[in-house]
A.B. asks: 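Input: one structure, supplied below.
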Amino acid sequence: MTPDDGAETRYPVRPYRRVHESESPWGPVRQLPAGGPPTRRMPGAPPADGKTTEFSAPPGPVGTGPPDGSVTIPIQNGSPPDGRAPWWEQAQSPPQVRPAERETRIALWGATSSGKTTYLWTLPLAAEAQGWTVTPLDQASEAFKDRAEFDLTTEGLLPTGTQKPVQIRWKLEQPPGVEGPRWRRREIPGSQIVLSTIERSGGDFETVPPGVTEQLAEADGIVYLFDPDRELNQNSPNNVKYFIAAMNSLRRRSHEMDRMVDGRLPHHLAVCVTKLDAVKVFAKAREGFWVTQAAEWPHFPQVAPQHAQPFFEWLCRTELGDAANFVRDRIVANFLPHRVTYFVCSAIGFGLNGDRLRDGRGQFDLSDFSNLTSEGNRVRGMPRPINVLEPLVALERSRRPSSGLL
């Protein structure tokens, strides 16, 4: 059933419910220095060990002082021998400069036409829409970004299939900011991701040349693009064709590198269910009542983050057949559960209808939601990516030692 033949009446879009992070009202807790606070004692009381250490000559009899008239200052035993003031009187040292971030090596894995190139084409748009900046780190990466932005914004063209591997290195940066309501604002530190990836043909994950194996095995994180539209189209080979050989090759090479953890792969994996905007995929999501609607303009449909994994499992088990369920089972069996995150994505997003509201902006129309032309090779308007930047942010945070997952 398609959304334009009455499905909106039978399967209404459920209202959106915002989920907030819990936040401590007291803010960050100050940490005491390693030595602890200074010991308090009454004036004139001797130190605990009964000894004193002096900066000048020992005190003479009562009522007398040093011959040169200088003042004698007894201090607690244990002060620095070089004459420095106690630690609690010293000025705080300047903050340490954060070391340069090393590159986060990301491997994109997916079948032919699963959307790997489109994902990279729209990544700068998704990042800049959320306040990030994207800086190419070499000429090849700059040329790739130039072509993507020019074709999408001026011609509305989608990328063609990748013929040969392309190395891409981008630096994504988010400046510091604040968040929260006005009466409970908190500062958010800046972030940066130095992305290094290789864009290659989906057919490479079927034949698995040595370069694919090395890229997967040495990666810090893997973005696996699962294309449900391929499973719903009987004329296309399913995702498992581009999964089995690559998975077996990845396990062999990871074992040779002694990276396995209790028989499982050590990689952080982001499973992206792609093409939510496709007619058949969106219809399935609505039939299962997985779709919510964003509260902010333009009220695009979405699958809530906490529902991404259940939605993927529901699709594979009940809607897409045994091949898709095989892929799901192999992901569960081969990766550590706490290192796998799930996203429901769309690189080009949903379209807006031609009508205009009073404020001059279009709106989402359930009867005409596609952002593709009838030929399917151009976008009707600017791409509006859904969950394109988020997988990279999740992979970058998960690999940090402070996350406890490495």
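Counting begins at 1 with the first residue of the sequence.
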A.B. asks: Would W109 and Y242 count as a close aromatic pair, with their ring centres under 6.0 Å?
C.D. replies: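 Ring-ring flag for W109/Y242: false, centres at least 6.0 Å apart.
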A.B. asks: Using only atom types and a distance under 3.5 Å, with no angle test, would you say the side chain of R384 pairs donor to acceptor with the backbone of G351?
C.D. replies: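 Looks like no, no N/O pair under 3.5 Å.
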A.B. asks: For residues V271 and T341, determine if any side-chain heavy atom of one lies less than 4.5 Å from a side-chain heavy atom of the other.
C.D. replies: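 SC-SC contact between V271 and T341 ruled out.
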A.B. asks: State whether the side chain of R264 and the backbone N or O of F335 hold a donor-acceptor pair below 3.5 Å, judged by distance alone.
C.D. replies: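 Yes, R264 side chain to F335 backbone: donor-acceptor pair under 3.5 Å.
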A.B. asks: Atom CH2 of W121 and atom CZ of F144: how far apart are they, to the nearest 0.5 Å?
C.D. replies: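 These two atoms lie 7.0 Å from each other.
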A.B. asks: Side chains of N334 and R251: is there a donor and an acceptor less than 3.5 Å apart?
C.D. replies: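 Yes, because at least one side-chain N or O of N334 sits under 3.5 Å from a partner of the opposite role on R251.
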A.B. asks: Where is the tightest heavy-atom contact between G349 and N371, given as atom of each residue plus distance?
C.D. replies: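 Shortest heavy-atom contact: O-CB, 3.3 Å.
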A.B. asks: What do the steps show when you test I348 against L158 for side-chain contact (heavy atoms from CB on, under 4.5 Å), and what is the final call?
C.D. replies: CA-CA 9 Å; I348 63 173; L158 292 176; 3.9 Å; yes
A.B. asks: Between L392 and V223, what is the shortest heavy-atom contact and its length?
C.D. replies: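 That closest heavy-atom pairing would be CD2-CG2, 4.2 Å.
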A.B. asks: Can a side-chain donor-acceptor contact be found between R105 and Q215 if the only test is distance below 3.5 angstrom?
C.D. replies: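 R105 and Q215 do not have a side-chain donor-acceptor pair below 3.5 Å.
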A.B. asks: Less than 4.0 angstrom from a charged side-chain N to a carboxylate O is my criterion; do R253 and E256 meet it?
C.D. replies: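 Salt bridge flag = yes for E256 with R253.
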A.B. asks: Side chains of P189 and P176: closer than 4.5 Å at any heavy-atom pair?
C.D. replies: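 A side-chain contact under 4.5 Å is absent here.
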A.B. asks: For K145 and P136, work out which heavy atoms get closest and say how close.
C.D. replies: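 Reported closest heavy-atom pair: CD-CG, 3.9 Å.
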A.B. asks: Hey, does P310 have a side-chain heavy atom less than 4.5 Å from the side chain of Y342?
C.D. replies: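 Counting from C-beta outward, Y342 and P310 never come under 4.5 Å.
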A.B. asks: Measure the spacing between CH2 of W290 and NZ of K284 and express it to the nearest 0.5 Å.
C.D. replies: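 Reported to 0.5 Å precision, the distance equals 14.0 Å.
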A.B. asks: Is any side-chain heavy atom of F205 less than 4.5 Å from a side-chain heavy atom of V212?
C.D. replies: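 They are in contact (side-chain heavy atoms under 4.5 Å apart), so the answer is yes.
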A.B. asks: Looking at E390, is its backbone amide N or carbonyl O close enough to the side chain of N387 to form a donor-acceptor pair, meaning the two atoms are under 3.5 Å apart?
C.D. replies: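 No, the answer is negative, given that no donor and acceptor are paired below the 3.5 Å cut-off.
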A.B. asks: Do any N or O atoms from the side chain of K116 and from the backbone of A111 form a donor-acceptor pair under 3.5 angstrom?
C.D. replies: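 Checked: pair present.
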A.B. asks: A side-chain contact here means heavy atoms from C-beta on lying under 4.5 Å apart; do L269 and H267 qualify?
C.D. replies: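 Sidechains of H267 and L269: no contact.
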A.B. asks: Knowing that exactly one of Q192, E396, H268 qualifies, which makes a side-chain hydrogen bond (donor to acceptor under 3.5 Å, both in side chains) with T104?
C.D. replies: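 Of Q192, E396, H268, side-chain hydrogen bond (donor to acceptor under 3.5 Å, both in side chains) with T104 is met by E396 alone.
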A.B. asks: With side-chain contact (heavy atoms from CB on, under 4.5 Å) as the test, would you mind laying out the steps for W132 and S191 before giving the verdict?
C.D. replies: CA-CA 9 Å; W132 292 64; S191 302; 3.8 Å; yes
A.B. asks: Rounded to the nearest 0.5 Å, how far apart are CG of D146 and CD of Q139?
C.D. replies: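 Between atom CG of D146 and atom CD of Q139 there are 11.0 Å.
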A.B. asks: Salt bridge or not for K275 and D227, using N-O below 4.0 Å?
C.D. replies: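 A salt bridge is present here (some side-chain N lies under 4.0 Å from a carboxylate O).
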A.B. asks: How about D277 and S346: does a side-chain donor come under 3.5 Å of a side-chain acceptor?
C.D. replies: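 Yes, S346 and D277 have a side-chain donor paired with an acceptor closer than 3.5 Å.
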A.B. asks: Distance only, no hydrogens: is a donor on one side chain within 3.5 Å (strictly under) of an acceptor on the other, for T135 and E173?
C.D. replies: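 T135 vs E173: no donor-acceptor pair found between side chains.
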A.B. asks: Just wondering, more than 12 heavy atoms not from H255 lying within 6.0 Å of its NE2?
C.D. replies: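 Result for NE2/H255: open.
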A.B. asks: Please name all residues satisfying side-chain contact (heavy atoms from CB on, under 4.5 Å) with M382, sequence neighbours left out, ordered by chain then number.
C.D. replies: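 In terms of side-chain contact (heavy atoms from CB on, under 4.5 Å), with neighbours along the sequence ignored, M382 is linked to L125, T153.
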A.B. asks: Give a yes or no on whether the backbone of Q293 and the side-chain of H299 come within a donor-acceptor separation of less than 3.5 Å.
C.D. replies: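 Such a contact is absent between H299 side chain and Q293 backbone.
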A.B. asks: Taking the basic N atoms (NZ, or NE/NH1/NH2) and the acidic carboxylate oxygens, is any pair closer than 4.0 Å for D322 and R317?
C.D. replies: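 Salt bridge flag = no for R317 with D322.
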A.B. asks: Would you check, one step at a time, whether the test side-chain contact (heavy atoms from CB on, under 4.5 Å) holds for T213 with L250?
C.D. replies: CA-CA 6 Å; T213 304; L250 172 59; over 6 Å; no
A.B. asks: Can you find a heavy atom in the side chain of V344 that is under 4.5 Å from one in the side chain of Q302?
C.D. replies: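 Contact flag for V344/Q302 side chains = no.
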A.B. asks: Between T122 and T118, is there a donor-acceptor pair closer than 3.5 Å when you use the side chain of the first and the backbone of the second?
C.D. replies: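 Yes, because the side chain of T122 sits within donor-acceptor range (under 3.5 Å) of the backbone of T118.
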A.B. asks: Could you walk me through whether N248 and R252 pass the side-chain contact (heavy atoms from CB on, under 4.5 Å) test, one step at a time?
C.D. replies: CA-CA 6 Å; N248 291 333; R252 173 187 58 79; over 6 Å; no
A.B. asks: For a 4.5 angstrom cut-off between non-hydrogen side-chain atoms, does D204 reach P209?
C.D. replies: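 Side-chain contact under 4.5 Å: yes.
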A.B. asks: With distance as the sole criterion, is a donor-acceptor pair present between the side chains of T133 and Q174 under 3.5 Å?
C.D. replies: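 Checked: T133/Q174 side chains show no N/O donor-acceptor pair below 3.5 Å.
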A.B. asks: If you take all heavy atoms of F343 and A394, which pair is closest and at what distance?
C.D. replies: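 Here F343 and A394 meet closest at CZ-CB, 3.8 Å.
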A.B. asks: Hey, could you give me the CD/OG distance between E214 and S249, rounded to the nearest 0.5 Å?
C.D. replies: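 Result: 8.5 Å between the selected atoms.
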A.B. asks: Taking the six-membered ring for Trp, are the ring centroids of F282 and F369 within less than 6.0 Å of each other?
C.D. replies: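 Yes, the ring centres sit under 6.0 Å apart.
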A.B. asks: Would you compute the distance between atom CG of D229 and atom OG1 of T274 and round it to the nearest 0.5 angstrom?
C.D. replies: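 D229 atom CG to T274 atom OG1 measures 8.0 Å (nearest 0.5 Å).
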A.B. asks: Report the C-alpha separation of E206 and T112 in whole Å, then their side-chain angles, then the decisive distance to 0.1 Å, and conclude whether the side chain to side chain donor-acceptor pair (under 3.5 Å) test is met.
C.D. replies: CA-CA 9 Å; E206 179 184 6; T112 301; over 6 Å; no
A.B. asks: Would you check if there is a donor-acceptor pair between the side chains of S141 and D138 at a distance under 3.5 Å?
C.D. replies: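 Side chains of D138 and S141: pair found under 3.5 Å.
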A.B. asks: Keeping the roles fixed (side chain from R230, backbone from N239), state whether a donor-acceptor pair exists under 3.5 Å.
C.D. replies: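 No, R230 side chain to N239 backbone: no donor-acceptor pair under 3.5 Å.
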A.B. asks: Please check: side-chain N/O of T197 versus main-chain N/O of I106, any donor-acceptor pairing under 3.5 Å?
C.D. replies: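 It does hold such a pair.
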A.B. asks: More than 12 heavy atoms of other residues, nucleotides or ligands under 6.0 Å from CD of E218: is that the case?
C.D. replies: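 Yes, CD of E218 has more than 12 neighbouring heavy atoms, counting only those of other groups under 6.0 Å.
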A.B. asks: I'd like to check the ring-ring contact (aromatic ring centres under 6.0 Å, His included) partners of F226; sequence neighbours left out, ordered by chain and number.
C.D. replies: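 If we apply the ring-ring contact (aromatic ring centres under 6.0 Å, His included) test to F226, skipping adjacent residues, the hits are F312.
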A.B. asks: Atom CG of N238 and atom CG of L232: how far apart are they, to the nearest 0.5 Å?
C.D. replies: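 Result: 11.5 Å between the selected atoms.
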A.B. asks: Side chains of L395 and V393, heavy atoms from C-beta outward: is any pair under 4.5 Å?
C.D. replies: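 No, too far: nothing below the 4.5 Å cut-off.
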A.B. asks: Output yes when a side-chain donor or acceptor of R380 lies under 3.5 Å from a complementary backbone atom of S370, and no otherwise.
C.D. replies: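 Yes, because the side chain of R380 sits within donor-acceptor range (under 3.5 Å) of the backbone of S370.
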A.B. asks: Would you give me the side-chain donor-acceptor pairs under 3.5 Å for residues 325-332, sequence neighbours excluded?
C.D. replies:
| from | atom 1 | to | atom 2 | distance (Å) |
| --- | --- | --- | --- | --- |
| N325 | OD1 | R328 | NE | 3.4 |

A.B. asks: Quick check: does any side chain N or O of S254 sit under 3.5 Å from a backbone N or O of A217, one acting as donor and the other as acceptor?
C.D. replies: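 Not at all, since once roles are kept as given, no pair shorter than 3.5 Å links the two residues.
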A.B. asks: Which heavy atom of V379 sits nearest to which heavy atom of L152, and what is that distance?
C.D. replies: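 Nearest heavy atoms, V379 then L152: CG2-O, 4.4 Å.
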A.B. asks: Looking at R339 and P266, what are the two nearest heavy atoms and their distance?
C.D. replies: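 What the structure gives for the nearest pair is NH1-O, 2.6 Å.
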A.B. asks: Please step through ring-ring contact (aromatic ring centres under 6.0 Å, His included) for the pair F350 and F364, ending with a clear verdict.
C.D. replies: CA-CA 8 Å; F350 294 92; F364 174 75; 5.7 Å; yes
